[in-house]
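Just below is one structure, and these are the notes that go with it.
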Amino acid sequence: MAYQISDECISCGVCKDNCPADAISEGDGQYVIDADKCIDCGACESNCPVGAPKAQ
Ligand code: SF4
Ligand code: SF4
């Protein structure tokens, strides 16, 4: 299980700055989550202004 960012992402960077596992990075056109690093804390989903991170 890991969170995944959908294409609703507007690349604001808020989730990256608040991820305790440093699992989020800027990808091509949207931010992406490294599933091997994500600890399923849910902070990205809570902080995202557009609800792009979703639990898989
Ligand atoms: Fe980072 Fe937590 Fe989001 Fe996983 S669920 S990407 S650990 S903020
Ligand atoms: Fe994209 Fe949401 Fe992360 Fe901003 S907080 S970079 S909109 S996933």
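Ligands are counted one by one from 1 in listed order, and the atoms in each one are counted from 1 as well. Values below: all heavy atoms of this structure, side chains included; hydrogens, waters and symmetry mates excluded.
- Of all heavy-atom pairs spanning K37 and A23, the tightest one is CB-CB, 3.6 Å.
- Every atom of ligand 1 with a heavy atom of I24 under 4.0 Å away is listed here by number and element: 6 (S).
- Hydrophobic cluster membership of I33, counting Ile, Leu, Val, Met, Phe, Trp and Tyr whose side-chain heavy atoms lie under 4.5 Å apart directly or via other members: Y3, I5, I24, Y31.
- Note: C19 SG to I39 CD1 = 7.0 Å, rounded to the nearest 0.5 Å.
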Would you mind writing out the side-chain donor-acceptor pairs for residues 42-56 within the sub-3.5 Å range, not counting sequence neighbours?
{"residue": "S46", "atom": "OG", "partner": "G42", "partner atom": "O", "Å": "3.1"}
{"residue": "N47", "atom": "ND2", "partner": "A43", "partner atom": "O", "Å": "3.0"}
{"residue": "K54", "atom": "NZ", "partner": "E8", "partner atom": "OE2", "Å": "3.1"}
{"residue": "K54", "atom": "NZ", "partner": "G51", "partner atom": "O", "Å": "2.9"}
{"residue": "Q56", "atom": "NE2", "partner": "K54", "partner atom": "O", "Å": "3.2"}

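- Taking every non-hydrogen atom of I33 and a distance limit under 4.0 Å, the qualifying atoms of ligand 1 come out as 6 (S).
- For atom 2 (Fe) of ligand 1, the set of protein N/O/S atoms nearer than 2.8 Å consists of C41 SG, ordered by chain and number.
- Distances shorter than 2.8 Å separate atom 1 (Fe) of ligand 2 from the protein N/O/S atoms C9 SG.
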